[in-house]
Number of protein chains: 2
Amino acid sequence: MKSLIPELGAPIAQSASGHGIDRQEASLHGEILLRLRDYVVQGNIPEGARVPERQLCEMLGISRTPLREALKVLAAEGLIELLPNRGARIRQLSQRDLEELFDVMAGLESLAGRLACEAITDEEIAEIERLHYKMYGHYLHRDMHGYFQINQHIHESIVASARNETLRTAYANFAGRIRRVRYSANFARKRQRWAEAMREHEAILDALRRRAGSELSDILFQHLRNKRTAAIEHLAEARDATAATAAEG
Amino acid sequence: MKSLIPELGAPIAQSASGHGIDRQEASLHGEILLRLRDYVVQGNIPEGARVPERQLCEMLGISRTPLREALKVLAAEGLIELLPNRGARIRQLSQRDLEELFDVMAGLESLAGRLACEAITDEEIAEIERLHYKMYGHYLHRDMHGYFQINQHIHESIVASARNETLRTAYANFAGRIRRVRYSANFARKRQRWAEAMREHEAILDALRRRAGSELSDILFQHLRNKRTAAIEHLAEARDATAATAAEG
DNA sequence: AAGATAAAAAATGAATGCAAAATGGAGCCT
DNA sequence: AGGCTCCATTTTGCATTCATTTTTTATCTT
């Protein structure tokens, strides 16, 4: 049986995407790595499904060697897992895995906030304020999708303002692992939680203006912790629903 | 010219070491990865030097394929870098790289402290207290080496008490990158800084006993920040000295 | 027809092969 | 001698091949 997975772009030519995680676009292996990482992060292969080595080779027009090299790296990054003699599978995150990942993300953002207070410029703060009010508009219009995007953007701006590439890379890595869940989790927000999140964002902005590093660090950690709770709850519900459906069918 | 690098253990038999970063000891690739990572982290190849692919293959008694897979992973972890068509080199960390790494470590330990306060048992605290007093003994006897080891142990215990495997893995990864420098940096401590560090450790223990998460988080960050300053200063001196020697010679 | 068994096909993991690129000298010129 | 070119050697990156293991399919048994 041919597993039907979405296309993966052109059969390798020259398309360096520049993802932010690393930049070895020069070699074939590097190019494959970037493409494959995006491909997996975007959720083109279902969780727990096996990664079709041969098929991907054909899609990319390459041999197995560079593909397998990329797979090892993705495994080290935690996106896939390698079963001995049974190839690569898309890593399925347990609830515990998600809790851990959210906490690590919280720690990294918390750190980013602290460092940002040391280095951020007035212009950068002004830009984040601008985003904040735009996001507030989406909130008032109950535009979840718009809200989510700006929200993401604000958090990335804070990380960028920390002026620490090592941190940014690590952040991008962990963000990639939970991308799918994060997205759906945000949409799961109850009205109540949404209002809370807005208030937290105001506190974040306030602490940032005052360059109150350790305060901002606390607020960001708590903010992410609350997100985590919402996400995990949502995910548990979703998985229960799936399980129930499966039992019926 | 044959580059002379230290031995690398037996030519692959069965020796799963279990390093704490990941555990794919099953495959040849996984075994190589563990060994090679340790080998590099321990500083067996000088900074900036090229990684002798062929030689390592012979030492390990394997072909280039699994070795190269391991190299890609180590590159992704930041231990080595891959130059297009020019193979792998031991990554040379710039001063900025070190600053960034120390800050990320500070963030991770800070997070660990916060999480530990939620989960740590009285027994674990007692164990850390025990270590603390043992370390104090080394401090009184001016035993740098003993002090350093216990110090390391205490920090690892805090990370372990956070009950977050994802965090522990990330911590181990970053710790590996700066292992060499960290070691020498600790020995560079001035008397003054050493006394300060002892006081900070007392504050850490105090906050931990009270399970004061965000307070501990702050203290740990500051503690690591101070370490960073000492380390960077020391490294700058060391590099200057090296440069001077090179200029003379 | 359900389940166990065996043979065929496909996949995985690692070694080997090969073209392109980089490195290291030997000879040459100034 | 110092620096250049050119060629042999080595190294690198990727494709291909090969031995195992797993998975699928076909067959047999009850």
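The chains referred to below are lettered A, B, ... by the order of the sequence lines, with proteins before strands, and numbering in each begins at 1. The figures that follow rest on heavy atoms only: side chains count, while hydrogens, waters and symmetry mates do not.
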How many Å lie between CG on B:Leu60 and P on C:dA14, as a whole number? 13 Å
Does the side chain of A:Asp97 come under 3.5 Å of the side chain of A:Ser94 through a donor N or O and an acceptor N or O? yes
Under 4.0 Å protein heavy-atom contacts per nucleotide of nucleotides 10-19 of chain D, with B for base, S for backbone only and - for none: -SBBSBB---
Less than 4.0 angstrom from a charged side-chain N to a carboxylate O is my criterion; do A:Lys227 and A:Glu109 meet it? no
d(A:Leu74 CG, A:Leu79 CG) to nearest 0.5 Å is 6.0 Å
Within residues 149-162 of chain B or reaching into it, pairs that qualify as salt bridge (charged side-chain N to carboxylate O under 4.0 Å, His left out) - sequence neighbours excluded: none
State whether A:Arg168 and A:Glu165 are salt-bridged, where the test is any N-O pair (Lys NZ or Arg NE/NH1/NH2 against Asp/Glu carboxylate O) under 4.0 Å. yes
